[in-house]
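Throughout, residue positions are numbered sequentially from 1 according to the sequence presented.
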Amino acid sequence: MPHSPHEAMALRREARDALQQERFDDVDRLLGEVEQQWLDGGTPRFGYGWLLATLLEPAQDLPARLERARQWCARQPHSPHAWAVLGTLWDRVAGRIRSTDTIEKIRQAQWDGAALARDHALAAWLHTIARHPRPAFVLGRMLRMACYLGEPRWLQQLQRGGRADLYTAQQRQDPEAFAAAVALLAPYGAPLDELPALPAVLAHRSEEAFEYAADYWLELALSFRADDVDVLEIYLYYLYPRWGGSHALMQHFIDGPEASRLMLPQRNRLRVVKERDWLWLAPDADDAEAIAEQEQAYRALLDLHLDASTRAQVLCWRAMLDYHLGRDEPQENQVNWDPMRMTHARDCLAEAFALDPGCVVDEGMNALEACAHFARVDGADALFAQVLASVEDWTDSAHALAWLAAGRQSGLFGFSADSALAAQHLQGALATADEDGVELSTVAANLFCSVSAPAGLQMLLQLAHAGDPRSMASLVDLYRGRVAGKDFPAYADPVQEALWTERAIAAGDLVVIYNRAWQLGEIFRETPDPALQQQSRVLYRRCVDEAEPHDRVWRPAHMNLAVLLYQGEDDNDKREAVFDLLGPLWWRGDSTTQAWAAGFLADVFHFGNGVPANAFLAKTWLDRAADAEPDNAEVLRMRPLIDGQGKLFGASRAARQQARDRDKVDLRSWQLTFGLDAVPDRHDVHPV
């Protein structure tokens, strides 16, 4: 059984080789042994759950791994582990479809698409449960899924003894919404079309258990593995306020019977999870009270009796707080570092490293990088090298692998140069970067700016030639003579800049695409060639179509394209600007963006350019702009016009017109203003 990271990696390589060679019985034996250790009470960092999640090589994209898992299940249908892996991959698909920057900005189609992936995961885990005498692990995953995306109706129908209807009712109720969800699922597969039989252990469920679903799955999982701190932690997480719970409920659970038999370090682990909910949000640098509260909370947590891995985690979080508060950027690209805070961050990371090097890589790498290479804290560079050396033989971290590649390529950080090993590390970083959420181009830029310019340039070129769009974009900046906010005039090269601009656009880097669209617009101002404007529009449209709301180009691309379309003579273009661009800016933008969009829409509906003039909608949008940003210039300009100020009886006339126009709003404009599900309480709504 693996007792160290090195042993775990060796076992995973053995399992991967066996799977590649279709020695399925050997794969089952290896997975079964690791799972048994977990069932017997072991909780190693690199245990059964980690092995399931990483068994299939991340060098393959997620659709390819899904297909391999399907083939494994088809060849080895009696294996509970094959189905468990398939369900784990579908769980990852659900997260990828639903994922965005904040929960408030997730579209309904994302929830629906994630639910379709959830159904695949649950169906796979039902196969596992039917084939396993102690399916504690997948029951814990069923608990998480029930809390995360809810229980599907078909599962409840099966458990009530009825016939399951997968999607007939959903398609009939809202075919467009279902089609949108299916489109999001399409890169990974089609909706589930067949259900497995309900395992006997799930056949008896009371009506009360349907009402309290999380409690049902928790009790069932604990019945197969008592005192399972992993499943208790899952349950506790979904008591966070953002999921409808509260910190009081979380404390009640920790003090309650489910956790009463845990050892003290395990129970304290739950206390750490509870506090992490609010400690996750670092306070503003000028909020002394909030800073003091967080620092006191960290002192209290570190005074608890914690296992080594949990203590290391808390220390890394504390270091990240220092990193956040120790970095001051009074103006763009001018960063000052607080030496006391960054020294404290180094001390926390040094203690965490002594307890669990892998935790520093997973939780504290950004802070350690800053201590060593930006703030230049004494001793941090040596600690950085020690951390990398300690995990070189076993890390899966894209961030660490990128730095290891630099060390092995150029002999940095005390490593001996080894080009073959450097290439292997960089390939591993490329394979895992997307799922880790790591921008390798940022690592390369930091390497260039703060450690070694030749090594950084070499990594950027390697990443770019491997197809990384962000690294291509960094090369565009570099060959303009500037990267990461710093000037490097010696590297300016217009020929290389043009070459990498075209490559980055072809590779789909949205920042380069946006910058090129803006540049064409600037050229058009001086040389009014319609072809230039059309090219600019096409590139902005790519940004609008491909960017997510949290992407940096999403907002300016919507704004600039809206202006371009609205300035033309084509009413279709103007309606596209109003409904397809200004609408999303209002519904999904920040307050400044909302003020801009609402002011624009107030002007649109007041003058009726491209859409019918409507005083009621103009007034509604003006008020919204004022609420979002009271001193907005557009509000101040439009207020007298829309409210009839400065005219005899102007205000009363404007109010009467607004009341009359309320009944003249077409359906599309109404839904733009009040939401896609909004239906006006009248019968004379006209289509656009």
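Within the cation-pi definition used here (under 6.0 Å to the ring centroid, within 45° of the axis), Arg624 qualifies as a partner of Phe674. By the 6.0 Å and 45° rule, Arg118 does not stack over the aromatic ring of Trp90. The side-chain tip of Arg45 does not point at the ring of Trp50 from less than 6.0 angstrom away and within 45° of straight on.
No side-chain N or O of Thr88 forms a donor-acceptor pair with one of Asp91 less than 3.5 Å apart. If you check the side chains of Trp278 and Gln294, you find no donor sitting under 3.5 Å from an acceptor. In the model, Ser309 has a side-chain atom that pairs as donor or acceptor with a side-chain atom of Asp356 under 3.5 Å. In this model, no donor atom of one side chain and acceptor atom of the other lie less than 3.5 Å apart for Asp590 and Gln594. Remark: the Trp317 side chain and the Glu363 side chain contain an N/O donor-acceptor pair separated by less than 3.5 Å. In this structure, a donor-acceptor pair under 3.5 Å is absent between the side chains of Asp17 and Gln21. For the 3.5 Å distance criterion, the side chains of Ser79 and Arg131 fail to qualify, holding no donor opposite an acceptor. Between Asp174 and Gln170, the side chains place no donor N or O within less than 3.5 Å of an acceptor N or O (distance only, hydrogens not considered). When only modelled atom types and interatomic distance are considered, Asp277 and His247 share a side-chain donor-acceptor pair under 3.5 Å. Glu439 and His399 share no side-chain donor-acceptor pair at under 3.5 Å. Looking at Arg261 and Gln266, their side chains never bring a donor and an acceptor atom within 3.5 Å of each other. Defined by atom type and a distance below 3.5 Å, a donor-acceptor pair is present between the side-chain atoms of Gln159 and Arg205.
Using a 30° and 60° split on the angle between ring planes, Phe178 and Tyr167 fall in the tilted class, from 30° to 60°.
In terms of the ring-ring contact (aromatic ring centres under 6.0 Å, His included) criterion, residue partners of Phe137 (sequence neighbours excluded) are, by chain and number, Trp38, Tyr48.
Between Glu275 and Arg271 there is no salt bridge, since none of the side-chain N atoms of the basic residue sits less than 4.0 Å from a carboxylate O of the acidic one.
Between Glu57 and the options Arg65, Arg16, Arg68, a salt bridge (charged side-chain N to carboxylate O under 4.0 Å, His left out) holds for only Arg16.
Atom CG of Leu122 and atom CH2 of Trp154 lie 5.0 Å apart (nearest 0.5 Å).
Contact annotation: the side chain of Pro191 approaches that of Val182 to within less than 4.5 Å [non-hydrogen atoms, C-beta and beyond]. Here the side chains of Arg96 and Tyr188 are in contact, with some heavy-atom distance below 4.5 Å.
By the neighbour-count criterion of 12 heavy atoms within 6.0 Å, atom CD of Glu208 is sparsely surrounded, having that number or fewer from other residues, nucleotides or ligands.
Ring-centre distance between Tyr238 and Tyr235: not below the 6.0 Å cut-off.
Closest of all the heavy-atom pairs between Ala136 and Phe224 is CB-CB, 3.9 Å.
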